[in-house]
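What follows is a single structure, written as structure tokens, with notes after it.
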Number of protein chains: 2
Amino acid sequence: MSAREQLTEAMAELLWERGYAATSPRDVMARAGVGQGSMYHHFSGKHDLAVETFTEVAEVLTEGSSVLEGDGSPLDRLKGYLSVPRPGTRGCRIGRMTQDPQVVADAELIAIVANAFDIALGRWEQAIADAIAAGELPTSVVPADLARTLAAVIQGGYVLARAKGDQAPMDAAVRGAVSLLDAAHAAATHD
Amino acid sequence: MSAREQLTEAMAELLWERGYAATSPRDVMARAGVGQGSMYHHFSGKHDLAVETFTEVAEVLTEGSSVLEGDGSPLDRLKGYLSVPRPGTRGCRIGRMTQDPQVVADAELIAIVANAFDIALGRWEQAIADAIAAGELPTSVVPADLARTLAAVIQGGYVLARAKGDQAPMDAAVRGAVSLLDAAHAAATHD
DNA sequence: GTCTATAATCCGATAGAC
DNA sequence: GTCTATCGGATTATAGAC
């Protein structure tokens with residue numbers, strides 16, 4: 001594996017473990033097993049290395065949300081994607097970055113994060129619109145709103161799980177959201 | 001105002017603006033208009049100053065969730081507290097800390113955060129139980145689960161708002177949650 | 001392309017005068 | 001109680017040999 005790849009891989013690991021601000025180029029080079037000269041040959045600095053790493057991580061994660069475009073009824077796809085196992089205490093590799101002031105202040109980095117959310121939210125929105133069209137959710141539901149609600153449940157679940165150092169709050173938040181979707185389904189059926 | 005108070009106030013501001021890791025004692029002293037000697041006279045270091053500041057901020061925020069214990073029907077209280085105006089792009093002063101690796105690694109600091117969430121979640125849970133008892137939500141809803149769902153919607157709303165640098169996703173996430181609660185209310189009424 | 005050496009600055013903390 | 005001076009170490013980055 002090339003030094004460049006070893007560097008982005010080490011950066012990705014450290015971003016997840018420690019976040020952006022707390023990760024120094026020194027740490028990255030040590031984990032990558034690469035000298036300082038290599039790092040500054042391939043990248044102009046910490047920011048540049050982060051841009052490439054963010055891009056790679058965002059691509060992997062946005063592929064995940066394509067579960068929403070799979071088989072089954074729209075409501076089942078929504079519930080299925082909500083219930084995908086997520087390591088709550090480790091946090092979302094993308095969502096976590098929004099709370100790092102150094103990332104938010106970096107226009108290029110936050111744009112990568114925002115774009116990843118846009119892709120995932122678009123898929124949520126389409127699946128919700130499909131569920132409404134199929135009569136599985138009430139027509140009073142606004143797809144763009146509910147998409148953000150369900151994405152927020154997951155992102156907020158990570159926050160609660162990290163606050164307690166425990167996976168349980170994440171799982172509880174998802175169960176509660178599923179039960180609301182089931183209740184809304186029942187309401188739609190009664191119409 | 002005493003130097004001690006000026007220091008905790010400056011620390012609270014900087015924690016919100018930059019987070020814990022990115023705030024140095026130097027920054028705090030500069031904003032407080034206080035010399036280094038004062039800082040280390042009143043506090044043993046950055047950690048100690050943060051413990052006092054976190055405690056004060058957590059008290060103010062947990063007072064806010066007492067809206068859930070106010071007047072009106074339980075469901076109205078839930079919807080009302082969900083809809084309280086929140087500056088999404090600035091983030092939650094408590095929730096934001098869960099994504100800072102240095103805070104999570106500090107047992108004393110994360111305990112203050114966890115405790116604040118426990119108090120707020122207890123109030124969510126009680127209001128939800130009241131709503132079920134009043135027939136406003138289906139009995140299939142588990143209060144402990146839905147409490148975490150709704151708290152997650154708010155915390156996740158902050159994440160989405162910060163990702164886009166825009167208040168709109170936060171408001172959309174809340175609207176979507178309210179519409180699900182309304183649908184669940186309709187389902188409960190049909191039973 | 002990769003290495004080591006070094007720079008300038010900032011970090012959190014301590015010492016000691018007043 | 002508050003100040004300034006200073007410590008040892010880490011930070012991001014550059015220089016230049018190989």
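So you know, we letter chains A, B, ... as the sequences are listed, proteins then strands, and number each from 1. Here the structure is a predicted model, which means the values were calculated and not measured.
Following rounding to the nearest Å, A:D48 (CG) and D:dT14 (C1') show an atom-to-atom distance of 16 Å. Nucleotide D:dC3 holds its P atom 15 Å from the CZ atom of B:R26, rounded to whole Å. Computed from coordinates, the B:Q102 CD to D:dT11 P distance equals 11 Å when rounded to whole Å. We find that CZ of B:R18 is positioned 13 Å from P of C:dC10, with the value rounded to whole Å. Across the protein-nucleic acid pair, A:L7 atom CG and D:dA13 atom P stand 14 Å apart, rounded to whole Å. Atom pair A:M29:CE and D:dA13:C1' shows a separation of 10 Å (rounding to whole Å applied). The distance from atom CG of B:D27 to atom C1' of C:dT9 is 14 Å, rounded to the nearest whole Å.
Pairing each heavy atom of B:I94 with each of B:V113, the nearest pair is CG2-CG1, 3.7 Å. Smallest separation of non-hydrogen atoms from A:L68 and A:A120: CD1-O, 4.5 Å. When all heavy atoms of A:A173 and B:T149 are compared, the closest pair comes out as O-OG1, 2.6 Å. Across all their heavy atoms, A:M39 and A:L7 have their closest contact at CA-CD1, 3.8 Å. In terms of heavy-atom proximity, B:R31 sits nearest to B:E13 at NH1-OE1, 2.9 Å.
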Contacts under 3.5 Å, N or O only, protein and nucleotides 13-15 of chain C:
from: C:dA13; atom 1: OP2; to: B:Y40; atom 2: OH; distance (Å): 3.2
from: C:dA13; atom 1: OP2; to: B:K46; atom 2: N; distance (Å): 3.0
from: C:dA13; atom 1: N7; to: B:Q36; atom 2: NE2; distance (Å): 3.2
from: C:dA13; atom 1: N6; to: B:Q36; atom 2: OE1; distance (Å): 3.4
from: C:dA13; atom 1: N6; to: B:Q36; atom 2: NE2; distance (Å): 2.7

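When the side-chain nitrogen and oxygen atoms of A:S38 are compared with OP1 and OP2 of C:dG1, none of them lie within a distance under 4.0 Å. Note on A:S24: every side-chain N or O is 4.0 Å or more away from OP1 and OP2 of D:dA10. At the phosphate of D:dC3, neither OP1 nor OP2 sits under 4.0 Å from any side-chain N or O atom of B:H41.
Taking the ring centre of B:Y81 as origin, the terminal cationic atom of B:R123 falls outside the region bounded by 6.0 Å and 45° from the ring axis.
In this structure, B:E136 contributes its side chain and B:L75 its backbone to a donor-acceptor pair below 3.5 Å. Without hydrogens or angle criteria, B:K46 side chain to B:Y20 main chain gives a donor-acceptor distance under 3.5 Å.
Across all strands, A:S2 comes closer than 4.0 Å to no nucleic acid atom at all (heavy-atom distances).
Pairs of residues two or more places apart, or lying in two chains, that qualify as salt bridge (Lys or Arg N to Asp or Glu O under 4.0 Å) and include a residue from residues 174-189 of chain B are A:D145-B:R175, B:K79-B:D182.
Five base pairs at each end of the helix from C:dG1-D:dC18 to C:dC18-D:dG1 define two local axes, and these are offset by 10° (rounded to 10°).
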